[in-house]
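What follows is a short report on a single structure.
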Amino acid sequence: MSPSQGQFEQLILPIGTTLDRFINTQQNNFPFARGEFSQLLRDIAIASKIVNREINRAGLANISGSYGAQNNHGEDQQKLDMVANVRFIRALKNGGEVCAIASEEDEELIDTGNYNAKYVVAIDPLDGSSNIDVNVAVGTIFSIYRRVSPAGSPPGPEDILQKGTQQVAAGYILYGSSTMMVLTSGAGVDGFTYEPSLGEYYLSHPNMRMPKTGKIYSINESSYSTFPKPIKDYIQYCHDENYSARYIGSFVADFHRNLLKGGIFMYPQSTKSPQGKLRLLYECFPLAFLVEQAGGMAIDGDKRILDYEPERLHQRAPLIIGSSEMVKTARKYFLLDHVRV
Ligand code: AHM
Ligand code: MG
């Protein structure tokens with residue numbers, strides 16, 4: 001039986017806009033450095049495709065498991081952490097648009113030698129990498145700033161230690177059941193799904209908006225006894241409201257689910273980690289920028305995350321991020337606590 005006209009049209013539906021074309025049409029947002037900014041996003045996309053390939057064959061290529069060393073936070077480095085770090089740094093150095101890179105895997109700011117480049121990047125090349133061995137989703141998180149030191153000179157710490165509000169773009173790549181890049185350059189949030197057989201990202205989630213509220217809360221509740229009172233009280237509120245607990249231990253995956261469905265993710269301060277665990281420059285800032293662009297909120301309990309003025313490359317911050325109404329409710333418990341004090 002031959003297909004009807006309608007069935008045939010279904011078979012040949014256009015695949016849509018590639019990331020490349022999308023970037024080209026967005027260039028007008030960057031009047032000072034259009035081509036350079038577009039090239040930088042392309043470099044990140046290329047590196048992510050290579051990392052995606054490495055992750056997909058991790059079990060076959062003897063690149064899962066521990067590398068036998070620790071990073072500057074005293075955490076075990078996985079082999080794929082190192083592979084992803086090299087892939088992104090090489091792409092950004094060779095691409096030529098970035099003068100300095102802050103990476104979770106490198107103690108010092110990386111000077112790329114591209115002194116005429118206009119941008120700096122902060123990156124967590126592979127977040128949640130302890131999930132690799134068990135075939136659970138992981139991610140890359142990145143943030144882009146314009147440098148503040150004059151072009152032509154070596155970069156300095158002031159180029160990367162900028163306030164969160166100074167980000168010109170941020171995003172993540174989620175290596176999940178499909179691979180996605182979610183991106184903001186300050187004019188909303190767009191999601192692109194990777195089509196492996198074509199080797200391209202396609203715009204699949206234009207103008208993403210986070211639901212104002214939801215029924216999912218994500219926190220490592222096993223640390224309950226170490227949390228401050230407002231967080232304990234808010235968790236009790238989540239129980240009373242019959243919310244669902246969802247926590248996979250990969251920030252990007254937990255965040256992405258909440259972005260689509262509505263929810264709140266928390267990694268608060270605790271007696272174990274007085275500043276929380278997540279790093280300001282390449283974990284909190286990029287997703288805080290992105291969540292605000294999607295209509296959500298990100299705070300440390302009280303203060304807006306994007307208003308932090310970082311002092312150190314690997315500084316940590318407590319983070320409460322998600323649907324605006326849920327974050328506002330969590331914040332009330334912190335305000336109440338202040339009143340009691
Ligand atoms: P990493 O950058 O070393 O991978 O650590 C960050 C990860 C996040 O992806 C995740 O949200 C968190 O650590 C989980 O931590 P915990 O096991 O303490 O809940
Ligand atoms: Mg990380």
Side-chain angles (χ1 to χ4, degrees), residues 48 51 55 58 64-85 87-89 101-107 121-143 170-176 182 216-228 231 235 245-259 263-288 290-291 298 300 305 310 312-322:
S48 77
V51 170
I55 289 171
S64 52
S66 170
Y67 178 67
Q70 294 191 325
N71 66 12
N72 43 57
H73 317 288
E75 297 154 351
D76 269 348
Q77 285 179 313
Q78 306 293 308
K79 284 182 206 160
L80 265 166
D81 278 333
M82 306 309 297
V83 169
N85 195 37
R87 292 295 183 192
F88 277 102
I89 287 171
I101 306 164
S103 163
E104 176 173 348
E105 303 305 331
D106 289 276
E107 181 133 23
V121 165
I123 189 162
D124 183 351
L126 204 60
D127 185 67
S129 53
S130 59
N131 274 326
I132 287 273
D133 290 354
V134 289
N135 223 339
V136 165
V138 289
T140 296
I141 313 175
F142 61 90
S143 166
Y172 60 81
I173 296 117
L174 171 60
Y175 310 97
V182 178
I216 297 172
Y217 74 106
S218 312
I219 187 167
N220 189 340
E221 219 167 325
S222 69
S223 300
Y224 183 87
S225 64
T226 69
F227 292 150
I231 290 288
I235 290 175
R246 294 282 183 275
Y247 188 79
I248 203 167
S250 259
F251 182 29
V252 172
D254 280 315
F255 176 84
H256 187 72
R257 180 198 50 243
N258 293 354
L259 174 65
I264 186 166
F265 173 98
M266 294 169 279
Y267 210 113
Q269 61 275 66
S270 65
T271 49
K272 267 192 305 192
S273 335
Q275 297 307 317
K277 176 183 183 188
L278 300 178
R279 272 54 58 120
L280 191 56
L281 287 185
Y282 39 81
E283 292 174 330
C284 303
F285 270 173
L287 295 201
L290 205 132
V291 86
D300 67 355
I305 289 290
R312 295 179 312 282
L313 224 50
H314 300 289
Q315 185 173 335
R316 297 172 195 268
L319 179 66
I320 300 175
I321 186 167

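Remember, predicted model here, so these are calculated numbers, not experimental data. Just so you know, ligand 1 is whichever comes first in the structure, and atom 1 is the first atom listed for that ligand.
- Remark: among candidates D81, D127, N220, the nearest residue to atom 8 (C) of ligand 1 is D127, based on non-hydrogen atoms.
- Once rounded to the nearest 0.5 Å, the distance linking CD1 of I123 with CD of E105 reads 10.5 Å.
- For R87, the side-chain hydrogen bond (donor to acceptor under 3.5 Å, both in side chains) partners are E54, not counting sequence neighbours.
- Residue R279 approaches ligand 1 through these ligand atoms, each under 4.0 Å from one of its heavy atoms: 1 (P), 2 (O), 3 (O), 5 (O).
- In terms of heavy-atom proximity, D81 sits nearest to S129 at OD1-OG, 2.7 Å.
- Atom CZ of R246 is separated from atom CD1 of I264 by 16.0 Å, given to the nearest 0.5 angstrom.
- Counting the atoms of ligand 1 from 1 in the order shown, those under 4.0 Å from a heavy atom of E104 are 1 (P), 2 (O), 3 (O).
- Atoms of ligand 1 found under 4.0 Å from any heavy atom of S250 (numbered from 1 in listed order, with element): 9 (O).
- Listed by number with element, the atoms of ligand 1 under 4.0 angstrom from any heavy atom of E283 are 2 (O), 6 (C).
- From I231, atom CD1 reaches atom CD of Q269 across 6.5 Å, with rounding to the nearest 0.5 Å.
- Closest non-hydrogen pair, I248 versus A253, comes out as CG2-CB, 3.9 Å.
- Residue contacts with ligand 1: F265 is placed with no nitrogen or oxygen under 3.5 Å of a nitrogen or oxygen of the ligand (distance criterion only).
- Heavy-atom proximity to D124, at under 4.0 Å, picks out these atoms of ligand 1: 2 (O).
- Interface atoms of ligand 1 facing F251, defined by a heavy-atom separation under 4.0 Å, are 8 (C), 9 (O), 10 (C), 11 (O).
- Among I141, L126, V252, T140, the single residue meeting the side-chain contact (heavy atoms from CB on, under 4.5 Å) criterion with I173 is T140.
- Around the Mg ion (ligand 2), the protein N, O or S atoms found under 2.8 Å comprise E104 OE1, D124 OD2, D127 OD1, E283 OE2.
- When all heavy atoms are compared, the tightest approach of E283 to F251 is O-CE2, 3.6 Å.
- Taking a cut-off of under 4.0 Å to the non-hydrogen atoms of S129, the atoms of ligand 1 that pass are 4 (O).
- One finds the SG atom of C284 at 5.0 Å from the CG atom of L278 (value rounded to the nearest 0.5 Å).
- Against a heavy-atom cut-off of under 4.0 Å, Y247 is close to the following atoms of ligand 1: 11 (O), 12 (C), 14 (C), 15 (O), 16 (P), 19 (O).
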All N/O donor-acceptor pairs, side-chain side in residues 219-226, below 3.5 Å, sequence neighbours left out:
residue	atom	partner	partner atom	Å
N220	OD1	S222	N	3.3
N220	OD1	S222	OG	2.7
E221	OE1	Y217	OH	2.9
E221	OE2	H239	NE2	3.0
S223	OG	K272	NZ	3.1
T226	OG1	S223	O	2.6

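- Contacts of N85 classified as side-chain hydrogen bond (donor to acceptor under 3.5 Å, both in side chains), with partners at least two apart in sequence or in another chain: S103, D106.
- At a 3.5 angstrom cut-off on N or O pairs, L278 does not count as close to ligand 1.
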